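First the structure, in the form of structure tokens, and then the observations on it.
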2 protein chains.
Amino acid sequence: MTISKRQLEERELRKERILTGALNVFKKKGIEGATMDEIAASSGFGKATLYYYFHSKEEVFSAILVNGWESIWMSLEPIIASEKSPRKTFISILLRIAENARSNQGLYSFLFNVPKLINIEEQPWKSYQNRLYAIIQGLLEDGVMAGEFPPLDTQLLFKAMGGLFMGLVFMGDRETPVSEKEIENLLNQLITNPTQK
Amino acid sequence: MTISKRQLEERELRKERILTGALNVFKKKGIEGATMDEIAASSGFGKATLYYYFHSKEEVFSAILVNGWESIWMSLEPIIASEKSPRKTFISILLRIAENARSNQGLYSFLFNVPKLINIEEQPWKSYQNRLYAIIQGLLEDGVMAGEFPPLDTQLLFKAMGGLFMGLVFMGDRETPVSEKEIENLLNQLITNPTQK
DNA sequence: CTAATATTCGACTGTACAGTCGAATATTAA
DNA sequence: TTAATATTCGACTGTACAGTCGAATATTAG
């Protein structure tokens, strides 16, 4: 009378189904505009069933983010582990995120834009985000020290690069997404390597 | 029995009062989180009075944006009119916006972040925004042509600069706002003038 | 003063929506 | 098979909130 492995897996699958439906509704209506009834319809379950799998709308929402950040993290880990120069690692990270973002537009713009919309403290996904930001900050610091980036305040550089990247990847028309090649060019043009001058 | 000038002015003042109150609530609670009851309380009127001056919450909201964009526009017009080089004009515009933003944090982050939160077509303030964006885009084009900016796709450059700027001015802790000096430095470092090389 | 008009308001109404309930069905273990 | 457990659901409940109503008060013009 224990729960079989298959049962657990199917449960996870159903959860995924709900999350996918939810993400679609969030994309279309925004977070506040999305209703549990719609999410239910969009994922093919009755509303009460959603509450069988998740305690609240908040939890659905949070699960999307945790999943998303976990997957970002997994895709970045090898890049971070490979001990290249700060500059190369930095650019690789941005490119990888951009690549992910392009193949999964909805999820990624959700992941990166949500912090502005929500401000409930201590979300579990926050720690992933912080870890990523800390690493990037660290790369910038090391890079400036090694003379691979222009000698600027890294806090500033971080904000600037963060904004720039968001702008490139998430701003404007979805029809003409920015290619990795373009991002790479731009970064190399803008963040000129001082030692190469 | 006509409406006296003073009466009209006082009406405007009361509208301002309401708008200020509303902005404070929006800042604290976000747009969706703000209620008309709170806005009423925060501006010192009864709720029904708000509806004497504005038709809907939407209209209050919209009035803030129109006011805001009008004031941005007025502060930028002289800069645009003074026929300096594209590069100088571009940087002056950014600096002016940053300056405004710092002296009126709440309003400006509202102005620039709202487009992400709302998507009702044909808002009157949209035309201001578009005009500004068109001008910046034009400056970038002229600047690239004149060799004052690195030779990059201006669409890209626009997105990148837009994002970068947003990042600098609006991201992160409010305690340590970025100074104009810093922004200027950064822009000059990053968007290296090719002809100066 | 009086009457017209402008302003103010709290109480009320209607609606949208998160979350619950209790019952129905499906699945599993014995 | 039976009984326990897992899953599903639409109808219902409670609440929060935008917007309205009608009456009260204040201001102005004559």
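In what follows, chains are A, B, ... by sequence order, proteins preceding strands, each numbered from 1. All of these numbers come straight from a predicted model, not from anything done at the bench.
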Strictly by modelled atom types, are A/Gln123 and A/Lys126 linked by a side-chain donor-acceptor pair under 3.5 Å?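 Note: A/Gln123 and A/Lys126 side chains miss the donor-acceptor criterion.
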Do A/Gln155 and A/Glu141 meet the criterion of a side-chain donor-acceptor pair at a distance under 3.5 Å?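 There is no such pair (donor and acceptor under 3.5 Å, judged by atom type) between the side chains of A/Gln155 and A/Glu141.
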Counting only Watson-Crick pairs (N1-N3 plus N6-O4 or O6-N4) and G-U wobbles (N1-O2, O6-N3), all under 3.5 Å, who is the partner of D/dG30?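 Answer to the pairing question: C/dC1, which forms a Watson-Crick or G-U pair with D/dG30.
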Across all strands, who's sitting opposite D/dA23 as a Watson-Crick or G-U wobble pair, both distances under 3.5 Å?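 Partner of D/dA23: C/dT8.
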Between [atom2] on [N] and [atom1] on [X], what's the gap in Å once rounded to a whole number?
X: B/Arg17; N: C/dT8; atom1: CZ; atom2: P; result: 10 Å
X: B/Lys15; N: C/dT7; atom1: NZ; atom2: P; result: 11 Å
X: B/Tyr51; N: C/dC12; atom1: OH; atom2: C1'; result: 14 Å
X: B/Arg11; N: D/dA26; atom1: CZ; atom2: P; result: 19 Å
X: A/Glu58; N: C/dC17; atom1: CD; atom2: C1'; result: 16 Å
X: B/Glu38; N: D/dA16; atom1: CD; atom2: C1'; result: 12 Å
X: B/Met36; N: C/dC12; atom1: CE; atom2: C1'; result: 17 Å
X: A/Ile39; N: C/dG19; atom1: CD1; atom2: P; result: 10 Å

Quick one: label B/Thr49 by what it contacts on the DNA or RNA (base, sugar-phosphate, nothing), any heavy atom closer than 4.0 Å.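 Base contact.
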Under 4.0 Å, heavy atoms only, any strand: does B/Phe54 hit a base, just the sugar-phosphate, or nothing?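 The answer is nothing, as B/Phe54 stays clear of every strand by at least 4.0 Å.
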By nearest nucleotide on DNA chain D, pick out whichever of A/Ala48 and A/Arg14 is the more 5' one.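 Closest to the 5' end, via its nearest nucleotide, is A/Arg14.
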Side chain of B/Ser56 - closest among D/dT7, D/dG19, D/dA18: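 Of all the options, the side chain of B/Ser56 is nearest to D/dG19.
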Selected nucleotide, minimal atom distance to B/Thr35 side chain, candidates D/dC17, D/dG19, C/dA18: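 The closest nucleotide is D/dC17.
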Does C/dT8 have OP1 or OP2 sitting under 4.0 Å from an N or O in the side chain of B/Tyr53?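 The answer is yes; a side-chain N or O of B/Tyr53 sits under 4.0 Å from OP1 or OP2.
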Establish, with yes or no, whether the OP1 or OP2 oxygen of C/dT7 is under 4.0 angstrom from a side-chain nitrogen or oxygen of B/Tyr52.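 Yes, because at least one side-chain N or O of B/Tyr52 sits under 4.0 Å from OP1 or OP2 of C/dT7.
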Describe, in one word, how the ring planes of A/Phe26 and A/Phe110 are oriented to each other, choosing from parallel (under 30°), tilted (30 to 60°) and perpendicular (over 60°).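 Ring orientation of A/Phe26 relative to A/Phe110: parallel.
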Result of checking A/Phe165, A/Trp125, A/Tyr133, A/Trp69 against A/Phe112 for ring pair (Phe, Tyr, Trp, His ring centres under 6.0 Å):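 Single ring pair (Phe, Tyr, Trp, His ring centres under 6.0 Å) partner of A/Phe112 among A/Phe165, A/Trp125, A/Tyr133, A/Trp69: A/Trp69.
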For B/Arg14, is the CZ atom crowded, meaning more than 12 foreign heavy atoms sit under 6.0 Å from it?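 Atom CZ in B/Arg14 is crowded, with more than 12 foreign heavy atoms closer than 6.0 Å.
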Donor-acceptor pair (no angle test) under 3.5 Å: A/Lys47 side chain, D/dG10 base: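 Side chain to base: no pair below 3.5 Å.
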